Structure formats: C-alpha cells, structure tokens
Amino acid sequence: MSVLVYTENADGKFKKSTFEVVSYARAIADQNNTKLIAVSIGSVSAAELATLGKYGAEKVLNVSNEQLKNFVNQAYASIIAEAAKKESADIVVLSNSFSGRGLAPRLGVKLEAGVADGAVALPEQTDGKFKIKKTAFSGKAFAIVELTSANKIISLTPNAYKVVETNKTASVEDFSVEAKAGDFAAVIKEIVRSTDKVSLPDADIVISGGRGLKGPENWGMVEELADLLGAALACSKPVSDAGWRPHSEHVGQTGIAISPNLYIAIGISGAIQHLAGVSSSKVIVVINKDAEAPFFKVADYGIVGDAFEVVPKIITAIKQFKASA
Amino acid sequence: MKILVCISNVPDTTTKITFTDNNTQFNTNGVQFILNPYDEIALARAIELTDGDKGTVTVVNVGDISTEPTIRKALAIGATDAVRINAKPHDAWFVAYQIAQYIKANSFDLILTGRESIDYNGSKVAAMIAELLNIPSISIIKKLDIDGNSGTVEREIEGGKEVLTIPLPFVAGTAEGVAEVKIPNMRGIMSARTKPLNVIEPVEVKTFSEVIGYETPAPRGQVKLVPADDVTQLVNLLHEEARVI
Ligand SMILES: Cc1cc2nc3c(=O)[nH]c(=O)nc-3n(C[C@H](O)[C@H](O)[C@H](O)COP(=O)(O)OP(=O)(O)OC[C@H]3O[C@@H](n4cnc5c(N)ncnc54)[C@H](O)[C@@H]3O)c2cc1C
Ligand SMILES: Nc1ncnc2c1ncn2[C@@H]1O[C@H](COP(=O)(O)O)[C@@H](O)[C@H]1O
C-alpha cells in the first residue's frame with residue numbers, strides 16, 4: 001500500500017497547484033502511515049524533480065520522453081495506472097486541472113476505483129470508511145462522497161489546500177511504460193500559451209469585469225489593476241457572449257469555477273449563476289454603483305460607486321502601497 | 001454520420017440548493033429540472049454537424065421516467081431520436097458504464113457530452129465512456145470540426161489553448177464557444193411528440209462511490225463598505241485585515 005501523486009508540469013516547471021497536490025497527498029499518506037510516491041511525465045530536469053521532496057514525496061518516478069513532453073491523455077493515463085500498480089498504490093491523487101479531468105476518470109476505469117473529483121479537504125477515514133468533501137451544485141454546496149472501492153482516485157480543487165514545506169528530499173528513479181496501441185491517437189497540432197498572463201484556475205487573485213464596464217474599450221484599467229496585483233482576468237457571461245472578452249475568461253455556473261484568495265468584481269450584479277462559480281473565493285470585493293446590487297450580500301468588502309472613478313483611484317492607491325511596502 | 005449526445009437532467013440554474021433529512025437528501029421540492037446547459041451546447045453542435053441530411057443525432061439519458069420532459073426538449077431542439085436507460089444515475093461510473101454498453105451495441109462516429117453536469121460538476125462521464133471503449137477523449141473543448149474521418153478540436157489548457165486532431169470515433173465534452181444553443185420552435189415541439197423515445201433497461205454493474213451527505217457553505221459576515229472617495233482604506237483592509245495583498 002502507498003499513495004501515488006501525479007505531478008503536472010508546464011514546460012518542464014512544476015506549478016503551485018502541483019505543490020498543493022503533493023502536500024495534500026503527503027497528508028493522506030500520513031493518515032495511512034504509508035509512503036508517498038510521485039510520478040512525473042515529460043521533460044523535467046533532475047533539479048526540478050528533486051524539489052518534490054520538499055513537499056513530502058519520498059520517491060519520484062520520472063518518465064522522461066520527448067514524445068510525452070506535452071499532455072497526451074490516453075498515454076499519460078496508462079503510465080499513471082502502471083505506476084500505481086508497480087508501487088501497489090491504492091490511492092492516486094492528482095489536480096482537478098484541465099488535464100486532471102481527462103486523467104482521473106480513465107484511472108477510475110483502469111484501476112476499478114471510485115473517483116472523488118474536485119475534493120476540497122482531506123478525506124475522513126474512520127470505521128473503515130473513506131469520506132471526502134467535494135464541491136457540488138457549482139459551488140452552491142458541498143457533497144460528502146464515500147468511496148467504497150479498494151482503490152481510490154482523488155482530484156484536488158486548485159487553491160483548496162495549502163502548500164506545506166518539509167525539509168525532506170526525494171530520490172528520483174527512471175520509469176518507462178511501453179506505449180499501448182491507440183494511446184497516441186489524438187495528435188497535438190498547435191499549442192498557444194499566453195505565458196505573460198496568470199492562468200485563471202490557478203490564480204491567487206482574480207479581477208473580474210461585468211456589463212457595468214460598458215464595452216471592451218474600457219478594460220484597460222482592469223488590465224492595469226490585474227498587472228499590478230499579478231492577478232488573472234475574468235468576466236461575467238454576457239461580457240464574453242458579447243465578444244468583449246474571450247470565453248476562457250467567463251466564470252460562473254456555465255463558465256469556469258474558481259476559488260482564489262481574492263476576487264474583485266467590477267460592474268457585476270451578482271446573479272445566482274455568476275455567484276455559483278465564484279462564491280468559494282476566500283475574500284470578495286465588489287465595486288458597483290448600485291447599492292442594491294445582490295453581489296454586496298455575499299461580499300466581504302464593497303465600494304458603492306462608479307467603476308470609472310473608483311478603479312483608477314484603486315490603481316493609484318495600490319501603486320502608493322507598493323512604493324511604501 | 002451518427003452522433004450520440006449524452007444529456008443529463010439537472011436543477012435549473014436559479015435553484016436555491018437546500019437539503020432535507022439531516023442534510024442527507026437534496027430537496028427537490030419545487031425544483032425545476034432542465035437540460036444541462038453544456039449538453040445544450042453539445043446538442044446544438046451535433047445538429048449543426050449533421051445539418052438535416054448529413055446524419056443523425058441520438059440523445060441518451062440515464063434516468064427514471066421523470067427525465068422525459070428534458071428528453072422531449074432535446075427532441076424538440078432537433079435530435080433525431082432518443083434513448084432513456086431506465087435507472088437512477090447512481091454515479092458517473094454507473095452512467096458511463098450504461099452508455100458505453102449502449103454504444104457497443106449501436107456504433108456511433110462521434111460521442112458528445114457536456115463538459116460537466118451542473119449538479120455534481122464531475123467532468124467524468126466523457127473520459128470514462130472513452131476509457132471503457134478504449135477510444136480518445138477530450139474532456140473540455142471550445143471548438144469542434146469534423147472533416148471526413150477525423151475531428152479537429154480546440155481545448156483549453158491553463159494559460160492558453162491547444163489544437164488537436166483526433167480520428168473518429170472519439171468522445172468530447174463541450175463548453176462555451178462550441179456552438180450557440182438552439183431554442184425549440186413550434187414545429188420542433190410538435191414533431192418531438194412523435195419522435196422515437198426508446199426505453200431500455202440498465203445492465204448490472206458494481207458501484208464505487210456513494211453520496212452520503214451535503215454541506216452548505218458557511219455564510220459570509222456583513223459586507224464592510226468603504227467610501228468611494230477613500231479607497232486607500234480598502235487597500236489597507238486587504239493588506240492588514242484580509243491579508244490577501
Ligand atoms: C442558464 C444560464 C447560465 C448562466 N451562467 C452564467 C455564468 O456562468 N456566469 C455569469 O456571469 N452569468 C451567467 N448567467 C447570466 C446571469 O444570469 C446574469 O445575467 C449575468 O451574470 C449578468 O452579468 P453582469 O453582472 O455583468 O451584467 P448586469 O446584470 O447587467 O449587471 C451590471 C452591473 O453593473 C453595474 N454598473 C453599471 N454601470 C456601472 C458603473 N459605471 N460602475 C459600477 N457598476 C456599474 C450595475 O449596477 C449592475 O449591477 C447565466 C444565465 C443563465 C440563464
Ligand atoms: N444521467 C446521465 N445520462 C446521460 N448523460 C449524462 C448523465 N449524467 C451526465 N451525463 C453526461 O456527462 C456529462 C458530464 O457529466 P459529469 O461527468 O456528471 O459532470 C454531462 O454534461 C452529460 O453530457
């Protein structure tokens with residue numbers, strides 16, 4: 001028995017959400033008095049692999065292969081399943097990222113395991129039961145799921161578990177799995193990465209604009225504020241429907257669900273479908289000229305005022321704050 | 001081309017979510033159920049791709065008889081025919097297994113799902129079906145085109161996008177951007193009444209997970225309002241009190 005964690009990288013570098021899953025998987029291994037093994041796929045340097053020890057992995061299985069540099073859903077799932085078998089892992093942990101969503105269900109089938117997707121807390125293991133809390137109803141509630149299978153797959157919601165550093169180091173071992181027919185059927189033609197931007201699901205701070213901003217030409221101040229805070233941009237559904245912003249920035253029930261530390265909503269009314277995707281943000285700030293806007297009911301801090309006057313003032317205040325810090 | 005669209009029946013997006021029996025049951029009292037919004041996108045794209053005479057669109061739902069209004073809606077929007085697998089959708093594994101069995105018996109060129117159902121937000125059914133059939137899948141796509149025997153899809157990745165080509169058949173979960181949803185017209189609604197809706201019985205399968213309870217998020221305290229002419233106060237609060245900047 002052991003716990004296996006899949007450690008996702010972007011262009012050879014591990015991301016914060018990877019350190020979150022390793023820390024989380026370490027805690028699960030401790031609950032079960034067992035070891036934590038990480039599996040890494042792609043082209044990651046030895047130094048980068050060793051950093052996984054800091055977050056609690058005892059050993060890293062390194063699958064280094066040019067053909068696997070970018071995410072290939074079926075091939076990656078085969079490798080992770082083989083790694084789980086090799087290490088007799090009965091719990092496999094990964095991030096509920098875009099690729100994690102492709103992997104967890106396949107691992108569930110391959111390992112005949114129940115899948116707890118979008119976990120937000122450590123499992124509760126008492127009386128031989130394994131219960132885990134996950135988001136449901138698009139952030140309007142949590143469901144407690146009991147996994148009744150011997151093997152278990154858990155995908156962790158980004159930003160739901162804090163990174164914990166230890167002073168351990170990890171040993172690195174090369175690992176390879178023979179490719180199965182069909183594993184490379186899907187072929188990547190093009191990858192477009194806007195590397196200068198913070199990715200929305202991973203972001204600590206998100207600045208979001210709604211219809212109150214009147215038009216795409218007014219996003220300059222929103223972008224400036226986001227740049228100052230190292231934040232990602234988001235928007236309400238009508239904004240992306242109107243083509244003011246790309247669909248990838250649309251948050252809410254039918255968009256992306258996020259849980260950053262800080263969510264700043266500018267000119268967004270706070271419709272129930274919008275709140276569904278953002279209500280698990282730790283701190284919510286609302287800027288709206290209408291004091292009756294429903295968003296104020298679920299906000300921590302609010303400013304009743306015209307965004308076109310308030311946002312430039314906030315930008316100035318943040319600049320002063322940064323200069324004095 | 002034969003396309004299968006998997007549809008789920010979910011609480012309306014404006015539903016206030018509450019629970020009964022000591023937070024162990026979802027309270028369906030007064031809840032309106034709808035076609036999952038992402039599945040509407042899948043259905044709309046399937047109809048565009050078959051465009052009248054270039055193929056058929058079958059919708060499949062795993063559900064009891066209460067889901068039939070939602071299935072009829074899909075027929076009214078333009079699906080050719082429908083199948084209901086007569087069982088409560090126990091979990092994603094149960095649903096995917098039933099649908100995979102159905103696909104094995106009735107081959108399809110393309111299988112579409114929504115990126116997730118808005119009740120349990122699993123994002124699991126698509127990739128589970130694909131794994132059960134040993135075919136490719138893309139869990140969340142933003143664009144989909146079919147050319148001969150292969151498809152081109154765009155999928156979102158953290159901080160960017162990726163374009164892939166995939167041989168048919170494959171499974172894809174549609175998100176915003178793939179198609180504009182279609183609203184049924186009078187003719188569609190009339191014809192939906194006579195389109196075939198076949199009911200088949202589920203196959204037996206073991207289960208791996210159980211929803212045993214629910215929690216509602218802790219309510220936030222009263223909002224602290226900061227005057228619009230003193231935003232420095234906001235910056236200080238975010239730094240000193242909330243500790244988020
Ligand atoms: C099936 C379904 C799914 C949906 N899914 C989503 C979803 O995922 N995400 C989502 O966001 N929406 C979703 N919606 C839409 C949702 O119901 C709302 O219509 C939408 O969120 C409203 O967007 P908004 O707040 O930007 O615009 P509005 O509701 O028009 O609000 C604009 C706000 O800006 C304020 N304002 C105007 N001018 C200024 C100014 N100068 N300064 C400051 N404030 C100003 C106004 O007071 C108002 O509160 C969905 C709807 C349906 C039916
Ligand atoms: N009971 C069901 N019957 C048919 N299809 C379903 C069912 N539940 C989910 N699906 C499909 O699977 C997609 C993803 O659902 P989920 O994995 O539950 O988030 C949905 O958008 C539907 O297309």
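This one's a predicted model, so the numbers in the text were calculated from it and none came from an experiment. Letters A, B, ... mirror the listed sequences (proteins, then strands); counts begin at 1.
With Asn121(B) contributing its side chain and Phe137(A) its backbone, the two residues share a donor-acceptor pair below 3.5 Å. One N or O on the side chain of Arg220(B) and one on the backbone of Ser279(A) form a donor-acceptor pair closer than 3.5 Å. A donor-acceptor pair under 3.5 Å links the side-chain atoms of Lys140(A) to the main chain of Thr15(B), judged by distance alone. Put simply, the side chain of Glu158(B) gets close to the backbone of Phe98(A): a donor and an acceptor are under 3.5 Å apart.
Note that OG1 of Thr254(A) is 9.5 Å distant from CZ of Arg115(B), once rounded to the nearest 0.5 Å. Atom-to-atom distance recorded for Arg155(B):CZ and Ile188(A):CD1 is 7.0 Å, nearest 0.5 angstrom. Note that the CG atom of Asp230(B) and the NZ atom of Lys313(A) stand 9.5 Å from one another [nearest 0.5 Å]. Atom CG in Asp300(A) sits 11.0 Å away from atom CD in Gln222(B) (nearest 0.5 Å). Rounded to the nearest 0.5 angstrom, Leu164(B) CG and Ile191(A) CD1 are separated by 8.0 Å. Atom CD1 in Ile256(A) sits 8.0 Å away from atom CD1 in Ile140(B) (nearest 0.5 Å).
Taking chain B as the reference chain and counting heavy-atom pairs below 4.5 Å, the highest number among Lys15(A), Lys134(A), Arg101(A) is found for Arg101(A). The candidate from Ile212(B), Ile129(B), Val211(B) with the greatest count of non-hydrogen atom pairs under 4.5 Å with chain A is Ile212(B). Comparing Gly108(A), Ser138(A), Ser97(A), Ser99(A) by how many heavy-atom pairs each has under 4.5 Å with chain B, the most go to Ser138(A). Counting heavy-atom pairs closer than 4.5 Å to chain B, the top residue among Val115(A), Asp202(A), Asp306(A) is Val115(A). Interface remark: of the candidates Asp241(A), Leu229(A), Ile284(A), Asn261(A), Ile284(A) forms the most heavy-atom pairs closer than 4.5 Å to chain B. The residue among Gly118(A), Pro201(A), Gly255(A), Gly139(A) with the most heavy atom pairs within less than 4.5 Å of chain B is Gly255(A). Of the listed residues Ile166(B), Val163(B), Val125(B), the one with more heavy-atom pairs under 4.5 angstrom with chain A than any other is Val163(B). When the candidates Gly213(B), Ala228(B), Gly160(B) are compared by the number of heavy-atom contacts under 4.5 Å with chain A, Gly213(B) comes out ahead. The most heavy-atom pairs under 4.5 Å with chain A, out of Phe26(B), Trp93(B), Phe170(B), come from Phe26(B). Between chain A and the options Glu241(B), Arg243(B), Glu154(B), Lys161(B), the largest number of non-hydrogen pairs under 4.5 Å is found for Lys161(B). Most heavy-atom pairs under 4.5 Å with chain B: of the set Gly305(A), Ser240(A), Ala141(A), this distinction falls to Ala141(A).
For Lys152(A), no part sits under 4.5 Å from any heavy atom of chain B, backbone or side chain. Tyr38(B) touches chain A through its side chain: at least one heavy atom from C-beta onward sits under 4.5 Å away, while N, CA, C and O do not. Contact of Thr135(A) with chain B is made through the backbone alone, with heavy-atom distances under 4.5 Å. Using a 4.5 Å cut-off between heavy atoms, Val285(A) touches chain B through its side chain atoms alone. Heavy-atom distances place both the backbone and the side chain of Asn134(B) under 4.5 Å from chain A. Residue contact with chain A, scored on non-hydrogen atoms closer than 4.5 Å, is absent for Ala92(B). Only the side chain of Ile205(A) comes within contact range of chain B, with heavy atoms under 4.5 Å apart. Proximity to chain B is absent for every atom of Glu249(A), based on heavy atoms less than 4.5 angstrom apart. If you measure heavy-atom distances from His250(A) to chain B, the contacts under 4.5 Å come from the side chain alone. For chain A, the nearby part of Pro11(B) is the side chain; its heavy atoms alone come within less than 4.5 Å. Contacts between Leu234(B) and chain A at a heavy-atom distance below 4.5 Å involve the side chain alone, from C-beta outward. Neither the backbone nor the side chain of Ala175(B) comes within contact range of chain A; no heavy atom of the residue lies under 4.5 Å from a heavy atom of that chain. Contact of Ala276(A) with chain B is not made at all, since no heavy-atom distance falls under 4.5 Å. Interface residue Lys237(A): only side-chain heavy atoms are found under 4.5 Å from chain B. Using a 4.5 Å cut-off between heavy atoms, Lys322(A) does not touch chain B at all. Using a 4.5 Å cut-off between heavy atoms, Ala271(A) makes no contact with chain B at all. Both the backbone and the side chain of Pro217(B) come within less than 4.5 Å of a heavy atom of chain A. With a 4.5 Å cut-off on non-hydrogen atoms, Ile41(B) does not touch chain A at all. With a threshold of 4.5 angstrom between heavy atoms, Gln74(A) approaches chain B through side-chain atoms but not through N, CA, C or O. Residue contact with chain A, scored on non-hydrogen atoms closer than 4.5 Å, involves the backbone and the side chain of Ser209(B) alike. For a residue to count as touching a neighbouring chain, one of its non-hydrogen atoms must lie under 4.5 Å from one of that chain's; by this rule Ala104(A) does not touch chain B. For a residue to count as touching a neighbouring chain, one of its non-hydrogen atoms must lie under 4.5 Å from one of that chain's; by this rule Tyr97(B) does not touch chain A. Within the 4.5 angstrom heavy-atom criterion, only side-chain atoms of Lys142(B), from C-beta onward, approach chain A. Both the backbone and the side chain of Tyr301(A) come within less than 4.5 Å of a heavy atom in chain B. Heavy atoms of Ala10(A) lying under 4.5 Å from chain B are absent altogether.
At most 12 heavy atoms of other shown residues, nucleotides or ligands fall within 6.0 angstrom of atom CD in Glu180(B). Surrounding CZ of Phe295(A) are more than 12 heavy atoms belonging to other residues, nucleotides or ligands, all under 6.0 Å away. By the neighbour-count criterion of 12 heavy atoms within 6.0 Å, atom NZ of Lys282(A) is densely surrounded, having more than that number from other residues, nucleotides or ligands. By the neighbour-count criterion of 12 heavy atoms within 6.0 Å, atom NZ of Lys16(A) is densely surrounded, having more than that number from other residues, nucleotides or ligands. Within a 6.0 Å sphere centred on NZ of Lys206(B), heavy atoms belonging to other residues, nucleotides or ligands number 12 at most.
Heavy-atom minimum distance, Ala317(A) versus Val235(B): CB-CG2, 3.7 Å.
Side-chain contact, Glu156(B) with Ser248(A): no donor N or O sits under 3.5 Å from an acceptor N or O.
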